4 protein chains.
Amino acid sequence: MAFDLRISTGSSTPIFRQIIDQVRLAVATARLKEGDALASVRALAEQLVVNPNTVAKAYAELARDGVIATHQGKGVFIAARRPIYTSAERLRRLEPALDDLVREAIALGFSTDDVQKLVQTHFRKMAGRKDGES
Amino acid sequence: MAFDLRISTGSSTPIFRQIIDQVRLAVATARLKEGDALASVRALAEQLVVNPNTVAKAYAELARDGVIATHQGKGVFIAARRPIYTSAERLRRLEPALDDLVREAIALGFSTDDVQKLVQTHFRKMAGRKDGES
Amino acid sequence: MAFDLRISTGSSTPIFRQIIDQVRLAVATARLKEGDALASVRALAEQLVVNPNTVAKAYAELARDGVIATHQGKGVFIAARRPIYTSAERLRRLEPALDDLVREAIALGFSTDDVQKLVQTHFRKMAGRKDGES
Amino acid sequence: MAFDLRISTGSSTPIFRQIIDQVRLAVATARLKEGDALASVRALAEQLVVNPNTVAKAYAELARDGVIATHQGKGVFIAARRPIYTSAERLRRLEPALDDLVREAIALGFSTDDVQKLVQTHFRKMAGRKDGES
DNA sequence: GTGGTCTAGACCACT
DNA sequence: GTGGTCTAGACCACC
């Protein structure tokens, strides 16, 4: 198996969101490439011990966003990468996470410099790692 | 009034969380100090035009975390400063937000540089403002 | 009620898609404007005699596309209009319908001119009509 | 071979539908005439690298609609031309596709002019090609 | 076998 | 009251 998905049921982020995030990240970091097959809805549901509908919901959103393409009766595949959001929209979608981080950082007494360095190291870590380290 | 709270109903972060965050932030930046009085549950609810239950929920969490102390019949006050976190602990608390941001950013196709610049401008915007303008 | 939604259960287009289409169209033709409230998930489900999940699915997609904004505990509202797709993506999303129409038109022996005129009259009809005529 | 069928797996329209559409189109444009032979189910399945069931399903629908006739042991042939539709009937058959296109176009923010131009270019592309290149 | 849709009913978070 | 998530189980279309 080329790609190992892991979810944590105890987390506050919903399972379907965890699936989406991991697939998107894997695609963005080229761990998954165009044409690669993903586990089928039923197979992944069984593997993660969740309801097939939960997996289907995640796959549906990924398909709507053009990350994957589902082929009836054949399975799910990574689609060609293409920019679908305007730059204003991309910014708008990043903003909540940005707000969260900065608010938290200020409350904890970090400086701009501190945070920028942390962002850089995190970027390297996530873009670089090859597989399932938490 | 020493401290002016502002919430934005249109935001995706719940109102009770906004209240909590702003109080914590004001304490962290010394805009609120030990012994300062906060508006009562009913007064704040009226001022913000939200349900009193929402304010009560926020105050309950702040009290639970030792940020404020409610003195029956007298009102709500900022509690003694909490012990300072070790730097490892501060980092640990920042990690989830950091993870979130970097993951989103990579998925949306932002570069390290992009994000660092965005962090800086957001930092200025939030640290500079004197009270919670959205 | 400012806006009257109608679905047909016999149709091959899924119910949730019919809901999405009608809301998008109403927004695009200014029959629904920023800030207007939509029927609640449960209310609409009851009105259309479908499962609340079906309505929720439609609302979720509309929210993801920035057409509506859902506010926990308060309801669903029309969001500010903003372009979220790149022009290439907009074209890509129109293409299937375009293909369908042209293929059908050719098979039925229509000329380019015929179709262009039909497109124009249909455009006027849909953009102009104020309420639920099929 | 008088007629060269091409399908695109990547498309959202099912393969069996693509086969049907292409045969109907070829008949409507007189590229296929009464009595012309089509490839057998097994031959076509092998040629297109699809499941024979898929081809059989397409041929079944074409036979049901009187477009082709299968002569046991001899093969599949184009049937006598169907009675020409009245112009009202032709319009009625085009309407669903027309509705779909215009609705999508409005929702995506295209103007009448945009769509008319797109219709024209699509028309040229499809009418001009001699056989089904995606 | 595959994914897509819908129903029924549960639990939770927020107001 | 509101919407969000998840489960369980059904039916359909496509390959």
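Keep in mind that what you see is a predicted model, and the values were worked out from it rather than measured. Proteins come first, then strands; the chains are lettered A, B, ... in the order of their sequence lines, and each starts at number 1.
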Under a 4.0 Å heavy-atom cut-off, which of residues 52-62 of chain A touch DNA chain E?
-> A:N53

Considering residues at least two apart in sequence or located in another chain, which fulfil the side-chain contact (heavy atoms from CB on, under 4.5 Å) criterion with A:A63?
-> A:I68, A:T70

Who passes salt bridge (Lys or Arg N to Asp or Glu O under 4.0 Å) against A:E89, sequence neighbours left out?
-> A:R92, A:R93, C:R82

Canonical and wobble pairing (Watson-Crick, G-U, under 3.5 Å) of DNA chain E, dot-bracket with | = ||||||||||||||.

Under the side-chain contact (heavy atoms from CB on, under 4.5 Å) test, residues paired with C:T9 that sit two or more places apart = C:I7, C:I15

Should D:L101 and C:D100 count as side-chain neighbours, where that means a heavy-atom distance under 4.5 Å?
-> no

Residue set satisfying side-chain contact (heavy atoms from CB on, under 4.5 Å) with D:D21, at least two apart, ordered chain then number -> C:R103, D:R17

Output all residues satisfying side-chain contact (heavy atoms from CB on, under 4.5 Å) with C:S8, sequence neighbours left out; order by chain, then residue number.
-> C:S11, C:Q18

Distance (rounded to the nearest 0.5 Å) between A:R31 CZ and A:D36 CG = 12.0 Å

Toward the 5' end of DNA chain F, by each residue's nearest nucleotide, C:Q72 or A:K74 | C:Q72

Beyond-backbone contact of C:R81 with C:V27, side-chain heavy atoms, under 4.5 angstrom = yes

Quick one: side chain to side chain donor-acceptor pair (under 3.5 Å) partners of A:D65, sequence neighbours excluded?
-> A:R24, A:Y85

Can you sort out which residues in residues 10-24 of chain C have a heavy atom within less than 4.0 Å of DNA chain F? Ascending by number, please.
-> none

Please list all pairs passing the ring-ring contact (aromatic ring centres under 6.0 Å, His included) test where one or both residues lie in residues 50-70 of chain D, with sequence neighbours left out.
-> none

Write out all pairs satisfying salt bridge (charged side-chain N to carboxylate O under 4.0 Å, His left out) with one or both partners inside residues 41-58 of chain A, taking only residues at least two apart or from two chains.
-> none

State, yes or no, whether a side-chain contact exists between A:L44 and A:L38 at a heavy-atom distance under 4.5 Å.
-> no

Identify, between C:N51 and C:G73, the residue whose nearest nucleotide on DNA chain E lies closer to the 5' end.
-> C:N51

Across the strands shown, which category fits A:V76 at heavy-atom distances under 4.0 angstrom: base, sugar-phosphate, nothing?
-> sugar-phosphate

Can you check whether A:L48 reaches A:I19 side chain to side chain, under 4.5 Å on heavy atoms?
-> yes

For DNA chain F, note the earliest and the latest nucleotide, 5' to 3', having some atom under 4.0 Å of a heavy atom belonging to chain A.
-> F:dT5 to F:dC15

